[in-house]
A.B. asks: 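Input: one structure, supplied below.
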There are 2 protein chains.
Amino acid sequence: MSDVRWLSAEEQRVWRGFRTAVMKFTEHLDRQLQRDSGMPMAYYEILVALSEAPERALRMSELALACHSSRSRLSHAVAKLEKEGWVVRRACASDRRGSVAELTDEGFAVLEAAAPGHVTAVREQLFDVLTPAQLQSLREISAAMENGLAGECAQVRAEIGEF
Amino acid sequence: MSDVRWLSAEEQRVWRGFRTAVMKFTEHLDRQLQRDSGMPMAYYEILVALSEAPERALRMSELALACHSSRSRLSHAVAKLEKEGWVVRRACASDRRGSVAELTDEGFAVLEAAAPGHVTAVREQLFDVLTPAQLQSLREISAAMENGLAGECAQVRAEIGEF
DNA sequence: TCGGTCTGGTTGAACTCTCAACAAGAACAT
DNA sequence: ATGTTCTTGTTGAGAGTTCAACCAGACCGA
């Protein structure tokens, strides 16, 4: 079983450098948001997704898709947001299983207050340190990675389907 | 306070695409390791760092640096790894406060068993989907981001130092 | 119409991480 | 010496995530 395609020294450098940068970056953003607005980035993204939806409301499943979140995680998170008064849940009219999360005015206000600090952090740590050419590259790299993962997911689905 | 430099539509696309790609990628890697080797990626990285150290042992503080981890997180993690029998902790000879974590033979064996699957996942989802030019870009982008964050940290340190 | 299956969403337990508080030794000044 | 300060590492509590199990409604074929 030695047919593993190990990473070369150069590949290791790239991979570790990338991982380090991403870890520090997301940690920085998360800490900023937690400190200044009392919420983790995952919750911020839920509020953003809701704020951009018509009526500021989305079904849980659509919200999960928008936030790249599992149903379970989202369910717990929305429970917490509801306790804070930033979101309310109501039944879905067209599907009695469904549940719709809606951003409250208070939630919107909290989001408005949190946004400047978060956007500033993203700009300073991402856009201000990269050249336009690097941003273009980053766009392509992200797209390629996502495509690769989409393929992987399809493959997993196919495997599951076989059994 | 409207002097926030908001993101343009294009910048938002880049940022969201990047975030999505990274989230899905790390989730994929984490799930693979958890499923196939019963450990999260953070623990895998601890084992790797120890395996590369002389004597397969490192002081907790050095290990934390190597893993980009907080002392607290590392302490909890090593406690768990010790319970699994993959790591042992012993006192540090030169500094009586210190604590040294050492990889056991069993821990090394577990790491050896986990590595092929993890490396394969990284290769397939990162190196196989990017061109050499993109990899070169990624290297530069990672370096730029880390430099930016280093500056930010220095700034924070300076602020703290002022009070 | 009825049984089987699939989908949407929630829940609880186990696990991991964060944060603040703490203990103890080192470093250093007076 | 002695007291202050810094560093090292651990701990406990609280918060967030994951996973498996579950219920209920929708969907679909006989």
Side-chain angles (χ1 to χ4, degrees), chain A residues 23-24 26-46 58-84 87-101 157 160-161 163, chain B residues 23-24 26-46 57-84 87-102 157 160-161 163:
Chain A
M23 281 179 66
K24 290 191 177 175
T26 58
E27 190 192 330
H28 176 67
L29 293 184
D30 234 325
R31 202 183 298 280
Q32 182 277 324
L33 219 37
Q34 187 71 54
R35 174 170 43 84
D36 297 344
S37 306
M39 73 180 106
M41 193 158 27
Y43 289 12
Y44 178 86
E45 287 179 328
I46 292 172
L58 280 176
R59 281 194 60 165
M60 293 297 281
S61 52
E62 302 175 63
L63 187 51
L65 269 184
C67 298
H68 321 294
S69 169
S70 71
R71 292 181 195 294
S72 174
R73 174 161 71 194
L74 184 64
S75 203
H76 286 293
V78 168
K80 173 76 187 291
L81 293 175
E82 195 169 25
K83 211 175 293 174
E84 302 267 14
V87 161
V88 289
R89 266 184 293 200
R90 50 182 170 76
C92 173
S94 60
D95 185 338
R96 255 182 293 176
R97 293 168 300 181
S99 180
V100 175
R157 274 196 301 275
I160 291 172
F163 301 137
Chain B
M23 282 179 67
K24 291 190 176 175
T26 58
E27 190 193 330
H28 176 67
L29 293 184
D30 233 325
R31 202 182 299 279
Q32 182 276 324
L33 262 180
Q34 187 70 55
R35 173 170 43 85
D36 297 345
S37 306
M39 73 180 103
M41 193 160 24
Y43 290 12
Y44 177 86
E45 287 180 327
I46 292 172
L58 280 176
R59 281 194 60 165
M60 293 296 281
S61 53
E62 301 174 62
L63 187 51
L65 268 185
C67 298
H68 322 295
S69 170
S70 71
R71 292 183 199 291
S72 175
R73 174 161 71 196
L74 184 65
S75 202
H76 286 292
V78 168
K80 173 74 187 291
L81 293 175
E82 195 168 26
K83 211 174 294 174
E84 304 266 14
V87 161
V88 289
R89 267 183 291 200
R90 51 183 168 76
C92 173
S94 61
D95 184 338
R96 255 182 293 177
R97 293 168 300 181
S99 179
V100 175
E102 180 176 356
R157 274 197 299 276
I160 291 172
F163 301 135

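What you see below is based on every heavy atom in this structure, not just the backbone, and it leaves out hydrogens, waters and symmetry mates. Each chain gets a letter, A, B and so on, in the order its sequence line appears, and its residues count up from 1.
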A.B. asks: Near DNA chain C, which residues from residues 74-82 of chain B have a heavy atom under 4.0 Å away?
C.D. replies: B:His76, B:Lys80
A.B. asks: Can you list the residues that meet the side chain to side chain contact (heavy atoms under 4.5 Å, CB included) rule with A:Ser99, with sequence neighbours excluded?
C.D. replies: A:Met60, A:Arg89
A.B. asks: Check the distance between D:dG9's P and B:Asp95's CG and give it to me in whole angstrom.
C.D. replies: 7 Å
A.B. asks: Show each protein N/O and nucleotides 4-7 of chain D N/O combination with a separation under 3.5 Å, one pair to a line.
C.D. replies:
| from | atom 1 | to | atom 2 | distance (Å) |
| --- | --- | --- | --- | --- |
| D:dT7 | O2 | B:Arg97 | NH1 | 2.7 |

A.B. asks: In whole angstrom, what separates B:Leu63's CG from D:dT10's P?
C.D. replies: 11 Å
A.B. asks: Please give, in whole Å, the distance from D:dT17 C1' to A:Met41 CE?
C.D. replies: 15 Å
A.B. asks: Of A:Ser94 and A:Gln34, whose nearest nucleotide on DNA chain D comes first from the 5' end?
C.D. replies: A:Gln34
A.B. asks: Could you check whether any side-chain heavy atom of A:His28 comes within less than 4.5 Å of a side-chain heavy atom of A:Lys24, counting everything from C-beta outward?
C.D. replies: no
A.B. asks: What pairs meet the side-chain hydrogen bond (donor to acceptor under 3.5 Å, both in side chains) rule with one or both residues in residues 58-68 of chain B, with sequence neighbours excluded?
C.D. replies: A:Thr20-B:His68
A.B. asks: Hey, which of these two, A:Arg59 or A:Arg31, hits DNA chain C nearer its 5' end, going by closest nucleotide?
C.D. replies: A:Arg59
A.B. asks: Without decimals, in angstroms, what is the distance between A:Tyr44 OH and D:dG16 P?
C.D. replies: 17 Å
A.B. asks: Look at the side-chain N and O atoms of B:Ser72 and state whether any lies under 4.0 Å from the OP1 or OP2 oxygen of D:dG9.
C.D. replies: no
A.B. asks: Not counting sequence neighbours, which residues clear salt bridge (Lys or Arg N to Asp or Glu O under 4.0 Å) with B:Arg71? List them please.
C.D. replies: none
A.B. asks: Rounded to the nearest 0.5 Å, what separates atom CD in A:Glu84 from atom NZ in A:Lys80?
C.D. replies: 5.0 Å
A.B. asks: To the nearest angstrom, how far is B:Arg89 atom CZ from D:dT11 atom C1'?
C.D. replies: 11 Å
A.B. asks: Write down the distance between CZ (A:Arg73) and P (D:dT18), rounded to a whole number of angstrom.
C.D. replies: 4 Å
A.B. asks: For B:Ala57, check side chain to side chain contact (heavy atoms under 4.5 Å, CB included) against everything at least two apart and list the hits.
C.D. replies: B:Glu55, B:Arg90, B:Val100, B:Glu102
A.B. asks: Applying side chain to side chain contact (heavy atoms under 4.5 Å, CB included), name anything that partners A:Glu27, two or more places apart in sequence or on another chain.
C.D. replies: A:Arg31
A.B. asks: Of all nucleotides in DNA chain C that come within under 4.0 Å of a heavy atom of chain A, which is furthest toward the 5' end and which toward the 3' end?
C.D. replies: C:dT7 to C:dC19
A.B. asks: Less than 3.5 Å apart, which donor and acceptor atoms pair up between the side chains of residues 34-43 of chain A and the rest of the protein, not counting sequence neighbours?
C.D. replies:
| from | atom 1 | to | atom 2 | distance (Å) |
| --- | --- | --- | --- | --- |
| A:Asp36 | OD2 | A:Gln32 | NE2 | 3.0 |

A.B. asks: Just to verify, what does A:Asp95 make a side-chain hydrogen bond (donor to acceptor under 3.5 Å, both in side chains) with, not counting sequence neighbours?
C.D. replies: A:Arg97
A.B. asks: Both A:Asp30 and B:Met39 contact DNA chain C. Taking the nearest nucleotide for each, which residue is further toward the 5' end?
C.D. replies: B:Met39
A.B. asks: Nearest 0.5 Å, please: how far is SG in A:Cys92 from CG in A:Leu58?
C.D. replies: 11.5 Å
A.B. asks: What pairs with B:Ser69 under side chain to side chain contact (heavy atoms under 4.5 Å, CB included), at least two apart in sequence or on another chain?
C.D. replies: B:Cys67, B:Arg73, B:Leu74
